[in-house]
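Heads up: the structure comes next, in structure tokens.
The residues of the chain are indexed from 1 along the displayed sequence. The structure presented is a predicted model; accordingly, all values stated were derived computationally and were not measured.
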Amino acid sequence: QVQLVESGGGLVQAGGSLRLSCAASGRTFSSYAMGWFRQAPGKEREFVAAISWSGGSTYYADSVKGRFTISRDNAKNTVYLQMNRLKPEDTAVYYCAAEETYYSEDVLHTKGRFGSWGQGTQVTVSS
């Protein structure tokens, strides 16, 4: 498994932007498909965005499509989530997840497929 540490959360006004980072260590990061999930109080953890280990394929939840962008830098063992035009309903703890995949373009978007998780970072969007 790979160890994951998220950072970059905080408090922002509606319409603002944040960039989350997830630093990985312990295994060959470049062979891991990555995902971002979020969990609001009293709700299930939900999928936000995912990227293949090559970086060539991405997938987004409909609720964030066009506002959020996932990317990765395999040389830095880091995956990013750029969040623009934030809304109060984006308020949640955001989690990074990783799973090794065989094919470079495989994208995973169900939480049960991921074996490694970070501790989460809080994002709060005020109205």
Show the nearest heavy-atom pair for residues Val107 and Ser57, with the distance to one decimal. CG2-CB, 3.4 Å

According to a 4.5 Å side-chain heavy-atom criterion applied to Ile, Leu, Val, Met, Phe, Trp and Tyr, with indirect links allowed, do Tyr32 and Phe114 form part of one hydrophobic cluster? no

Closest contact, heavy atoms only, Tyr60 versus Thr69: OH-CA, 3.4 Å

Are the side chains of Leu81 and Val48 in touch, meaning some heavy atoms are under 4.5 Å apart? yes

Got more than 12 heavy atoms from elsewhere within 6.0 Å of CD, Gln13? no

For residues 88-95, please give each side-chain donor-acceptor pair under 3.5 Å, one per line with the distance, not counting sequence neighbours.
unit_1	atom_1	unit_2	atom_2	d
Asp90	OD1	Arg38	NH1	2.9
Asp90	OD1	Arg67	NH2	3.0
Asp90	OD2	Arg67	NH1	2.8
Asp90	OD2	Arg67	NH2	3.4
Asp90	OD2	Lys87	N	2.8
Thr91	OG1	Pro88	O	2.9
Thr91	OG1	Val125	N	2.9
Thr91	OG1	Val125	O	3.4
Tyr94	OH	Arg38	NH1	2.9
Tyr94	OH	Asp90	O	2.6

Closer than 3.5 angstrom, by distance alone: can the side chain of Ser52 be matched with the main-chain N or O of Ser104 as a donor-acceptor pair? yes

Between Leu4 and Cys96, is there a side-chain heavy-atom distance shorter than 4.5 Å? yes

I'd like to know whether Ile51 forms a side-chain contact (heavy atoms from CB on, under 4.5 Å) with Val79, so could you lay out the CA-CA distance, the side-chain angles of the two residues, the decisive distance to 0.1 Å, and finally the verdict. CA-CA 9 Å; Ile51 190 166; Val79 64; 4.1 Å; yes

Glu100 and Gln1: side-chain contact (heavy atoms from CB on, under 4.5 Å), yes or no, with the steps? CA-CA 9 Å; Glu100 199 164 16; Gln1 288 189 340; over 6 Å; no

Would you say Thr78's side chain and Lys76's backbone share a donor-acceptor pair under 3.5 angstrom? yes

Do Trp36 and Ile70 have side-chain heavy atoms sitting under 4.5 Å apart? yes

Below 4.5 Å, heavy atoms only, C-beta onward: do Val123 and Leu18 meet side chain to side chain? yes

Validation row: Thr101, Leu108 side chains within 4.5 angstrom (heavy atoms): yes

Between Ser17 and Gln82, is there a side-chain heavy-atom distance shorter than 4.5 Å? yes

Would you call Glu105 and Ser54 a side-chain contact if the rule is heavy atoms closer than 4.5 Å? yes

First locate atom CG of Asp106, then atom OG of Ser31, and finally report the distance between them rounded to the nearest 0.5 Å. 12.0 Å

Under the ring pair (Phe, Tyr, Trp, His ring centres under 6.0 Å) test, residues paired with Phe29 that sit two or more places apart: none

Just jot down the ring pair (Phe, Tyr, Trp, His ring centres under 6.0 Å) partners of Phe47, sequence neighbours excluded, or say none. Phe37, Tyr59, His109

Examine Arg72 relative to Trp53 and say whether NZ or CZ is less than 6.0 Å from the centre of the six-membered ring and inside a 45° cone about the ring axis. no

Show your reasoning for whether side-chain contact (heavy atoms from CB on, under 4.5 Å) applies to Met34 and Cys22. CA-CA 10 Å; Met34 303 296 294; Cys22 173; 4.3 Å; yes

For Gln39 and Lys43 the tightest heavy-atom approach is NE2-O, 3.1 Å

Using side-chain heavy atoms (C-beta onward) and a distance below 4.5 Å, is Gln119 in contact with Val5? yes

